[in-house]
Amino acid sequence: MTTTFFDSNSAAFVEVAVGLPVYGTYTYSVSLPLQHQVLPGKRVMVPFGHRKAVAYVLEIKSGRPKIQLKDILEIFDETPFFPSDMIPFFKWISEYYKYPIGEVIKTALPSGKSRFRIKKHTSITPKRKFCNALGAPIAKDHPPKLNREQEKVISTILGKTMNKFNPFLLTGVTGSGKTEVYLHLAEKIICQGKNVLVLVPEIALVSQTVHRFRARFGDCLAVLHSGLSDNERFEQWEKILSGEVSVAIGARSAIFAPFQHLGLIIVDEEHDTSYKQESRLRYNARDLAIVRASQKNCVALLGSATPSLQSYYNIKIGKFEEVVLNHRVENRPLAHTEIVDLRSQKSAKGARRFISRQLSDAIKETLARKEQVLLFLNRRGFASYPMCVTCGTALRCKNCEITLTLHKSANAFKCHFCGYSTAASSHCPACGSSNIMHLGVGTEKIEEVIKKMFPDARTARMDRDTTRRKGAIIKTLQDLQHHRVDILIGTQMVAKGHDFPNITLVGIICADLSLSFPDFRAGERTFQLLTQVAGRAGRGQMPGKVVLQTFNPNHFTILAAREQDFKRFYLNEIHFRKILNYPPFSRLVQLKISGKNKEKTSAFAKDFGICVTALQQSRDQFIQNVEILGPIEAPLSRIARKYRWQILLKSPNASFLHSFINLLIHNEKTRLNNRQVKVTIDVDPYMML
Ligand code: ADP
Ligand code: ZN
Ligand code: ZN
């Protein structure tokens, strides 16, 4: 290893982010032979402590450093691996989410390390044919003539001075033609020589959106999602980087697509919680879309029939501009929703307790008309609450504080949090009795019951159990499209964005499952889910119907979902948020504390809580502005053998919250690195359990 001492003004040295969990950036010198090759965005190998590490060049510096620096050892790429104008974006993310900059960049880039190198004017090495990441070729479509509302939305957006940051929220009922708006806008932006990035919640589920973009733009687009292999992902990355494609479509990680001339970022179904990553770098791709668009001076278009409260509030305070599609395409009516009070079914026997007469009659009529039915229940498995009849003990996971779910076809009890599985013949852990009663209905049970009730109907089920195999989702959706399935039963997977014109009946088995979660967004999520699933009915020429079964027929969330009336829901919900001072009226940071040892974890949490409070009280400015809630044991107090505690920090002002956290990180560095108990920082948390 060579060491250079600078004594000349012309000597180059570089600021790099090391791909390791270390805060801050590092400076290295560049030996003469490498000086003409080094550029921001290239990956290099550097000596780091006693080891070597991959690092990313952020900045070339000249001048004369006062101290001795170590040389970079090797440069991997002939041309940059990411455009240098993404560096401010990475820095913003690192600062905002309190995550080491090198790890941020590592998260953003395709993995596979230095196996793949970017070469000048050529494709990648190792050179071989992989993609097709897009799947089988498809036929080109014929764009429909836009209706007046769609025209107006597009002209409003294009009417704004381009090359300026303009955030829009497109609100429009389900089936109002939002996707068609995206396609038209994308075309216009591409004609201006710019790039378009389209984010969708989960690519496997919304393959339909990809399909429509491909039908319009041909295969001249890239896709990015977690289902790709390292090779495929790298190839897509390279296509974007080299300018070979001008549209990329993908799930949340596509926000890092290395476009150089972004003109438009679309976030479809912007309310969807899958934009939030819940491990390592806990970012929200919807929020990052706004950040990236503002840094690149381009248009951001968020769209949803059920916008998040946060985004809609941003319209009210003038941060976003609203564009609206009030009507379904060709003025098709929204489905009529009939509410069934499940409390009146209590005395009913067997399946009647959860398939009411109203629902089974509606299914019968729909099948008679040769139309299709969608049944929704947001719980998979057969029974979610196995209980010992002899002593009353519930069967719980041995790793989590959660009841096990019976999966009949797999003949096993499974934990939906950690994956633990045990034979279905298990005995009561308390008294040894084998007399187990199965409460709590899941999709597997619904399917069994429906098959008995309608033996001639062809049924299919779509949930995480039936879609584990690659291609399974696509196959089910194709079966539905070609009417090889009469009744589709599924979890929230079936609620997302699908457009099947022959589905005229949606049955919601139990609308209340998520309503009582100990989470301030429980109502918001329930409204979104119910409205989205109801929006699957009657999208074609035939009118649709929804049968919504609930234990809370008068709850405002249920009533607003019945009308698919977002504004009604918003006005009620925003009122509670204000009273309780929850987002969007405040900002949150959650400190998640977890450890394998019960006593150590709780002692640490309490101790840590005292330090957090002491820090707050030692600085005047934080007393009023940062509220500390907890430490409390998490509602899910144990998951995957880890005991969980949490502290919630709340403030009306994000900058106070951020300076407080920075101070905390600085003060508690040693503690945060405790080996037995881990603290992770979740900025703008979603998963409050
Ligand atoms: P959303 O994204 O709001 O749910 P879509 O864009 O999927 O709505 O539109 C619903 C259906 O209507 C799709 O089948 C789409 O092809 C069709 N559609 C959209 N715009 C028009 C239009 N202007 N004329 C005719 N059909 C349209
Ligand atoms: Zn028992
Ligand atoms: Zn478990």
Side-chain angles (χ1 to χ4, degrees), residues 141-154 170-186 198 200-201 206 208-209 211-213 215-216 266-270 301 303-307 323-332 334 384 386-405 412-422 426-437 481 495-503 531-541 544 564 636-644:
D141 76 341
H142 303 282
K145 190 175 161 3
L146 296 180
N147 62 37
R148 289 253 288 284
E149 280 194 327
Q150 288 170 320
E151 292 276 12
K152 187 163 173 235
V153 166
I154 288 172
L170 172 61
T171 59
V173 291
T174 53
S176 58
K178 292 185 291 299
T179 311
E180 202 49 58
V181 166
Y182 304 151
L183 288 162
H184 266 79
L185 268 179
V198 185
V200 292
V206 286
Q208 213 168 218
T209 314
H211 192 98
R212 284 172 70 179
F213 269 82
R216 193 67 52 88
I266 293 168
V267 184
D268 190 23
E269 311 290 358
E270 66 86 28
L301 176 62
S304 178
T306 54
V323 276
V324 194
L325 296 175
N326 278 317
H327 304 284
R328 274 192 165 179
V329 165
E330 294 171 345
N331 275 319
R332 289 168 199 161
L334 286 174
S384 61
M387 199 178 81
C388 170
V389 176
T390 314
C391 75
T393 301
L395 268 63
R396 289 177 197 278
C397 174
K398 65 174 188 161
N399 305 321
C400 310
E401 198 44 51
I402 309 275
T403 56
L404 291 165
T405 298
F413 284 116
K414 289 184 186 176
C415 169
H416 285 184
F417 281 82
C418 73
Y420 169 76
S421 173
T422 179
S426 296
H427 293 244
C428 168
C431 74
S433 158
S434 59
N435 195 358
I436 308 288
M437 182 161 66
Q481 189 174 7
K496 298 197 180 191
H498 306 297
D499 186 27
F500 293 108
N502 201 40
I503 292 181
T531 307
Q532 291 289 345
V533 76
R536 299 312 113 207
R539 294 169 67 91
Q541 304 292 341
Q564 299 196 33
L636 299 176
S637 59
R638 189 172 175 241
I639 291 181
R641 294 190 181 182
K642 289 214 171 112
Y643 292 89
R644 307 167 75 241

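Read the numbers this way: they start at 1 and go in the same order the structure lists the ligands and their atoms.
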With Thr171 as partner, the option from Thr306, Asn326, Val324, Val323 fulfilling side-chain contact (heavy atoms from CB on, under 4.5 Å) is Val324
Do the side chain of [X] and the main chain of [Y] share a donor and acceptor less than 3.5 angstrom apart?
| X | Y | result |
| --- | --- | --- |
| Arg332 | Gly538 | no |
| Arg638 | Arg644 | no |
| Lys398 | Tyr420 | no |
| Lys178 | Gly172 | yes |
| Gln150 | Asn147 | yes |

Close-contact set for ligand 1 against [X] heavy atoms, below 4.0 Å:
| X | value |
| --- | --- |
| Asn147 | 23 (N) |
| Pro144 | 21 (C), 22 (C), 24 (N), 25 (C) |
| Lys145 | 22 (C), 23 (N), 24 (N) |
| Gln150 | 19 (C), 20 (N), 22 (C), 23 (N) |
| Arg539 | 4 (O), 7 (O) |

Between ligand 1 and Arg212, can you find any atom pair, the residue atom being a heavy atom, that is separated by under 4.0 Å?
yes
Flag [X] as yes when one of its N or O atoms lies below 3.5 Å from any N or O atom of ligand 1, and as no otherwise.
| X | result |
| --- | --- |
| Thr174 | no |
| Val329 | no |
| Thr179 | yes |

With respect to atom 9 (O) of ligand 1, which of Gly540, Gly535, Gly177, Gly303 exhibits the smallest heavy-atom separation?
Gly177
Could you tell me whether Ser176 approaches ligand 1 through its side chain, its backbone, both or neither, with non-hydrogen atoms closer than 4.0 Å?
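Both parts.
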Ligand 1 versus Asp499: contacting region, heavy-atom distance under 4.0 Å:
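Answer for Asp499: side chain.
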Residue His416, metal the Zn ion (ligand 3), N/O/S under 2.8 Å
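Of the N, O and S atoms in His416, none lies under 2.8 Å from the Zn ion (ligand 3), which means no.
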Ignoring hydrogens and angles, state whether a donor on the side chain of Arg328 or Thr174 is under 3.5 Å from an acceptor on the partner side chain.
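Looking only at side-chain atoms, Thr174 and Arg328 do form a donor-acceptor pair, the distance falling under 3.5 Å.
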Rounded to 10°, the SG/Cys431 to the Zn ion (ligand 2) to SG/Cys388 angle comes out at 110°
Would the number of heavy atoms belonging to other residues, nucleotides or ligands and lying under 6.0 Å from NZ of Lys642 be above 12?
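Open: at most 12 neighbouring heavy atoms sit under 6.0 Å from NZ of Lys642.
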Value for CD1 (Ile402) from CD1 (Ile639), rounded to nearest 0.5 Å, stands at 5.5 Å
